[in-house]
Amino acid sequence: MSQSLSFHVTRSDHPRSAAERAKILEKPGFGLHFTDHMVAVRWDKDTGWHDAAVMPYGPIALDPAAAVLHYGQEIFEGIKAYRHADGSVWTFRPEANGRRLQRSAARLALPELPVEIFVESLKQMIAVDKDWVSGADEASLYFRPFMIGDEAFLGVRGAHKASYYVIASPAGPYFAKGVAPVAIWLSTDYARAAKGGTGAAKCGGNYAASLLPQQQAQAQGCSQVLFLDPVEGKYLEELGGMNVFLVYGKRNTLVTPALSGSILEGITRESILQLARDRGMTVEERKVSIDEWKQGVASGDITEVFACGTAAVITPIGQLKGEGFTVGNLDAPAGEVTMSLRKELTDIQYGRLPDRHGWLVRLDA
């Protein structure tokens, strides 16, 4: 970390007691509870990054004219901390998340946070809130690093002041009843993003655009919504918050839509591609039409479909529904490739398998 930037630590006067914390960790849900502290680092055009601090978790004061409130200058990340069997705490590929935050910042005209400060901010959180990392099966501490433009100015330009924060939320198993195939809904009325837009950035506006079609998906009994490309409306892009994969079992091939400028480059996505290559699978990143999905399932060429992201890791997709059609069987069991990739990835994250690629970084050393 830069020698000119050190973190000033102010501990909470009212941290949750061990009993209160244990009760939360027993059934934490996802994104419902938050730890006792947060990180903040300030930036301005003249000074650069400064005033790095660990402080008690609490409200953020914003001027009503802050850029984020009017022009959506906001980006974020999602990354987890895992407690290993020996009690140590680790995270997964934080440099990749830090680099993606930089790419998002560049697209949203925000300052690029040095990757070493990004990683250090996670270590600073664990230094004060390590007890919030549960050792229960599939439990983790979910970090939400984010950056906002907070200059008070109503002109349409990039803010000259910004703030970077990290908050953390304990997370239990994403699927309370175990990993089971889900149904997803094909949106044909809305696009998530367009080439040249902000689809490749992890910013709130992309997710806001997915909320209405996500509501439509839920009204159809589906857990997620799938978006097609915004130009021709026939090629797969991604789900509302996850990347999508198709398994061609007879050809031992894993296929996912190629990054197009409107698809988010997922860290989990990239890791799955590597693990698939490691086990000798053919990996294809290319255009995939919705008709290919329909025909592949009908012919038996496509034997499994799954989605991936930081929160759920890997989610088997049992059924695709859309206006006038249904593909797949929701009652079919999750696929062998899907579940074995999920197990391999989580075993690496929790220290149960060797970390062949140097993906893990210890946070409490």
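We count residues from 1, following the sequence as given.
Residues Ala81 and Ile126 come closest through the heavy atom pair CB-CD1, 4.2 Å. Between Pro170 and Pro28, the shortest heavy-atom distance links the atoms O-CB, 3.5 Å. Across all their heavy atoms, Gly87 and Asp364 have their closest contact at O-OD2, 4.2 Å. Between Thr268 and Cys308, the shortest heavy-atom contact is CG2-CB, 3.9 Å. The two atoms that bring Ser340 and Val337 nearest to each other are OG-O, 3.1 Å, heavy atoms only. In terms of heavy-atom proximity, Pro111 sits nearest to Ala105 at O-CB, 3.4 Å.
For Gln220 and Gln216, the side-chain atoms include no donor-acceptor pair closer than 3.5 Å. A donor and an acceptor atom, one from each side chain of Arg83 and Ser88, are nowhere located under 3.5 Å apart. Between the side chains of Asn206 and Thr198, at least one donor N or O lies within less than 3.5 Å of an accepting N or O. Glu285 and Thr256 are not linked by any side-chain donor-acceptor pair at a separation below 3.5 angstrom, with hydrogens and angles left out of the test. Side chain to side chain, Asp51 and His8 fail the donor-acceptor criterion of an N or O pair below 3.5 Å. A donor-acceptor pair shorter than 3.5 Å can be found between the side chains of Ser262 and Glu237. Side-chain contact, Ser289 with Asp291: no donor N or O sits under 3.5 Å from an acceptor N or O.
Aromatic ring centroids of Phe143 and Phe76 lie 6.0 Å or more apart.
With contacts defined as side-chain heavy-atom distances shorter than 4.5 Å, the pair Leu122/Pro94 qualifies.
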**Report entry** Chi angles and distances behind the salt bridge (Lys or Arg N to Asp or Glu O under 4.0 Å) call for Arg342, Glu138
**Finding:** CA-CA 12 Å; Arg342 188 181 196 280; Glu138 287 227 10; 2.8 Å; yes
Query - Residue pair Val225, Ile184: steps toward the side chain to side chain contact (heavy atoms under 4.5 Å, CB included) verdict - result: CA-CA 5 Å; Val225 60; Ile184 65 172; over 6 Å; no
Requested in this report: Would you check, one step at a time, whether the test side chain to side chain contact (heavy atoms under 4.5 Å, CB included) holds for Ile348 with Leu275?
Outcome: CA-CA 11 Å; Ile348 292 170; Leu275 294 179; 4.0 Å; yes
Query - Derivation and outcome, salt bridge (Lys or Arg N to Asp or Glu O under 4.0 Å), residues Glu265 and Arg103 - result: CA-CA 10 Å; Glu265 186 177 351; Arg103 295 193 296 272; 3.5 Å; yes
**Report entry** Criterion side-chain hydrogen bond (donor to acceptor under 3.5 Å, both in side chains) on Arg93 and Ser271, from CA distance to verdict
**Finding:** CA-CA 9 Å; Arg93 305 190 69 180; Ser271 304; 2.9 Å; yes
Requested in this report: Apply side chain to side chain contact (heavy atoms under 4.5 Å, CB included) to the pair Thr346 and Ile314, showing each step before the final yes or no.
Outcome: CA-CA 10 Å; Thr346 54; Ile314 289 178; over 6 Å; no
Query - Worked verdict on Glu116 versus Lys123 for salt bridge (Lys or Arg N to Asp or Glu O under 4.0 Å) - result: CA-CA 11 Å; Glu116 60 267 26; Lys123 293 180 177 180; over 6 Å; no
Query raised in the report: Can Leu113 and Trp49 be said to form a side chain to side chain contact (heavy atoms under 4.5 Å, CB included), step by step?
Result: CA-CA 8 Å; Leu113 182 79; Trp49 293 104; 3.8 Å; yes
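Residue-environment remark: NZ (Lys130) exceeds the threshold of 12 foreign heavy atoms within 6.0 Å. For Glu336, the CD atom counts as loosely surrounded, since its 6.0 Å shell holds 12 or fewer non-hydrogen atoms of other residues, nucleotides or ligands.
Ring geometry for Trp90 against His84 counts as parallel: the plane angle stays under 30°, on a 0 to 90° scale with 60° as the upper cut. In this pair, Trp359 and Phe92 present their aromatic rings perpendicular. The plane angle is above 60°, beyond the 30 to 60° band. Between Phe34 and Tyr57, the ring planes are parallel. Angles under 30° get that label, and only those over 60° would be called perpendicular.
Put simply, the side chain of Asp347 never gets that close to the backbone of Leu353: no donor and acceptor are under 3.5 Å apart. Checked by atom type and distance alone, the side chain of Asn97 never pairs as donor or acceptor with a backbone atom of Ile267 at under 3.5 Å. A donor-acceptor contact shorter than 3.5 Å links the side chain of His37 to the backbone of Ser12. Under a 3.5 Å cut-off, the side chain of Tyr165 and the backbone N or O of Arg144 do not form any donor-acceptor pair. The main-chain N or O of Thr253 is never found under 3.5 Å from a side-chain atom of Thr282 such that the two would form a donor-acceptor pair. Judged by distance alone, with hydrogens and angles left aside, the side-chain atoms of Asp129 form no donor-acceptor pair with the main-chain N or O of Trp132 at under 3.5 Å. With hydrogens and angles ignored, the 3.5 Å screen pairs no side-chain donor or acceptor of His33 with any backbone N or O of Leu25. Listed for the Asp36 side chain is a donor-acceptor partner under 3.5 Å among the backbone atoms of Arg16. With hydrogens and angles ignored, the 3.5 Å screen pairs a side-chain donor or acceptor of Glu20 with a backbone N or O of Ser17. When atom types are taken as modelled, the side chain of Gln224 and the backbone of Trp185 share no donor-acceptor pair closer than 3.5 angstrom.
Note that CG of Leu226 is 5.5 Å distant from CD1 of Ile290, once rounded to the nearest 0.5 Å. Distance CG/Asp150 to CD1/Ile60: 9.0 Å, rounded to 0.5 Å. Distance check: Arg279 CZ to Asn252 CG gives 9.0 Å after rounding to the nearest 0.5 Å. Between the CD1 atom in Ile272 and the CG atom in Leu345 there is a gap of 6.0 Å [rounded to 0.5 Å]. How far CD of Glu74 is from NZ of Lys202: 10.0 Å, rounded to the nearest 0.5 Å. The CG atom of Leu236 sits 9.0 Å away from the CG atom of Asp229 when rounded to the nearest 0.5 Å.
A salt bridge between Glu292 and Lys234 is absent, with no side-chain N of the basic residue lying under 4.0 Å from a carboxylate O of the acidic one. In summary, Arg100 and Glu77 engage in a salt bridge, as defined by a charged side-chain N under 4.0 Å from a carboxylate O. By the 4.0 Å N-to-carboxylate-O rule, Arg269 lies too far from Glu238 to be salt-bridged with it.
Tyr142 does not carry Lys80 over the face of its six-membered ring by the limits of under 6.0 Å from the centre and within 45° of the normal. The cationic atom of Arg192 (NZ for Lys, CZ for Arg) does not lie both less than 6.0 Å from the six-membered ring centre of Tyr190 and within 45° of the ring axis.
Ile79 and Val119 fall within the same hydrophobic cluster, defined by Ile, Leu, Val, Met, Phe, Trp and Tyr side-chain heavy atoms under 4.5 Å apart, directly or through other members. Linking Ile, Leu, Val, Met, Phe, Trp and Tyr residues whenever their side-chain heavy atoms come within less than 4.5 Å places Val182 and Val244 in a single cluster. The hydrophobic cluster containing Leu363 also contains Met125, counting ILVMFWY residues as joined when their side-chain heavy atoms lie under 4.5 angstrom apart, directly or transitively. Residues Trp43 and Met38 do not share a hydrophobic cluster, clusters being chains of Ile/Leu/Val/Met/Phe/Trp/Tyr side chains in contact below 4.5 Å. Linking ILVMFWY residues whenever their side-chain heavy atoms come closer than 4.5 Å, directly or via other members, leaves Ile75 and Val68 in distinct clusters.
Each of Lys161, Arg157, Lys45, Arg42 was evaluated against Glu151; a single residue qualifies, Arg157, per the salt bridge (charged side-chain N to carboxylate O under 4.0 Å, His left out) test.
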